[in-house]
**Student:** 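Next up is a structure, given as structure tokens.
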Amino acid sequence: MSKSLQAIRGMNDILPEQTPLWRYFESTVARLLDNYGYKQIRMPIVEFTELFKRSIGEVTDIVEKEMYTFEDRNGDSLTLRPEGTAACVRAVLEHGLTGGGQPQKLWYIGPMFRHERPQKGRYRQFHQIGLEVFNLDGPDIDAELIVLTWRLWGMLGIRDAVKLELNSLGTSESRGRYRVALVEYLSAHLDKLDEDSQRRLKTNPLRVLDTKNADTQAVLVDAPKMADYLDDESRTHFEGLKARLDAVGIPYVINPKLVRGLDYYSKTVFEWVTDKLGAQGTVCAGGRYDGLVEQMGGKPTTGVGFAMGIERLILLLETLEQVPEEISRQVDVYLCAFGEAAELAALTLSEKVRDQLPNLRLQINAGAGSFKSQFKKADKSGALYALILGDDELAQQVIGFKPLRGQGEQQNIAFDALAAHLATCVVQG
Ligand code: ATP
Ligand code: MG
């Protein structure tokens, strides 16, 4: 195929054989979030570039080198969203959803775009489900976010494979004092830092903690610890969160180096990580961003949220073989009809049955074919039952009913009794 007709590297089609698992995942999360009282919001995929620069921060990996930015026909600089929080805050402000200090518990789902090096679990178009909570500033809501993800891992059967890492970055004041101490320490060891960290030291020193470079990591062992710089407010908040996780029995580890790649976090930060996916082990990450809304031009409004990477969670479900068998069966009943008259009767009969059983997954054979070929297709469809309608059955106003997976004998059912019969043998979703 010529190059122009291929998908862009790192931007994947999700093929029909994969969509059942995606839909299972998405509907499981949607149901869970409904149950916890979160409301869905849908934002555009493209925003003004300025939005991301202002919110994510100019000296972050995302803004420095990962954004898909282009000029539209008006000469405006636009960017395909690399994450959801910025657009969510923009929408909330634009529509006054947090006016008067009103709390909001929101969630969104959709594609995000980052120009990264594609590899397993890391793509240029990927999908997130994100939650954002505004105007609730206590540790109770931080805990709720973690508790509900813990429940989700349980529902999906992946609890044993993920581990919670927690840290507190403190308020911006305590972080400021810590930054001074860290810069002082790292400056004294400048020659031992990798090039990237030397640069970060000037632009965004906390990000040095995040380094993958072994030499820099060695220097960091004796670096000042954020925990020693937390003010009382941050400390109390963090203790409140930990007490709640302890009460529910959610295990966690404190990771003092957890700083997150985005600039806007304060107090709580957390990541759910797995060791089952290789290098791309973070499946869900987030934290508190109490200063962001104000920084984006709104009234002081606290915020806390997280985003999970759907591709990584799907990979994890597959790796752990936690794909429920029933999700891949998409047909309950496959109808085979032979000859023009039977085909017509099959169509009208099916429509009557669908009227009575709106959730029945009934597939009618299309494109005619011999008994053998239609039957093969019925079997391949994964259906539990085949219905068979030829001239003989039509003459008697009955239809052949044949279990395909070894549950009983073939029998003839009167047209009028078909819906009632199917209702007894097919579980209605
Ligand atoms: P990473 O450290 O893996 O690059 P991040 O800190 O950049 O992640 P966030 O911006 O916090 O990630 O996004 C939240 C989640 O979205 C991540 O934990 C991950 O599961 C997923 N994610 C982020 N970038 C990608 C990507 N390029 N491809 C697939 N999933 C991604
Ligand atoms: Mg990243």
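All ligand and atom numbering here is 1-based and tracks the order in the structure. Not measured: the values here are computed from a predicted model.
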**Student:** Can you find a heavy atom in the side chain of Phe126 that is under 4.5 Å from one in the side chain of Ile310?
**Tutor:**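 Not in contact.
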**Student:** Hey, which atoms in ligand 1 end up nearer than 4.0 Å to a heavy atom of Val283?
**Tutor:**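 Numbered from 1, ligand 1 contributes 20 (O).
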**Student:** Taking the side chain as every heavy atom from C-beta outward, state whether Val304 and Lys267 have any atom pair closer than 4.5 Å.
**Tutor:**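 With C-beta onward as the side chain, the pair stays apart.
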**Student:** Could you tell me whether Phe48 atom CZ has more than 12 heavy atoms of other residues or ligands within 6.0 Å of it?
**Tutor:**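 At most 12 heavy atoms, drawn from other residues, nucleotides or ligands, come within 6.0 Å of this atom.
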**Student:** Pick, from Ile56, Val273, Leu277, Thr282, the option with the minimum heavy-atom distance to atom 18 (O) of ligand 1.
**Tutor:**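 That would be Thr282.
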**Student:** Give me the atom names and distance for the closest heavy-atom approach of Lys242 to Ile254.
**Tutor:**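 Distance-wise, the nearest heavy atoms are CD-CD1, 3.9 Å.
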**Student:** Would you call Gln128 a ligand 1 contact, heavy-atom distance under 4.0 Å?
**Tutor:**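 For ligand 1, residue contact (heavy atoms, under 4.0 Å) with Gln128 is present.
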**Student:** Would you say that Asp142 contacts Phe270 through its side chain, given a criterion of any heavy-atom pair below 4.5 Å between the two side chains?
**Tutor:**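 Side chain of Asp142 against side chain of Phe270, heavy atoms only: no contact under 4.5 Å found.
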**Student:** Just to be sure I'm reading this right: ignoring hydrogens, which of Gln280, Arg312, Glu271 gets closest to atom 8 (O) of ligand 1? Compare them by their nearest heavy atoms.
**Tutor:**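 Looking at heavy atoms only, Arg312 sits closest to atom 8 (O) of ligand 1.
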**Student:** Would you mind finding which of Gly121, Gly287, Gly10 brings a heavy atom closest to atom 29 (C) of ligand 1?
**Tutor:**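 When every heavy atom of Gly121, Gly287, Gly10 is considered, Gly121 comes closest to atom 29 (C) of ligand 1.
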**Student:** Among the heavy atoms of Arg114, does any lie under 4.0 Å from an atom of ligand 1?
**Tutor:**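 It does, in that a heavy atom of Arg114 comes within the 4.0 Å cut-off of ligand 1.
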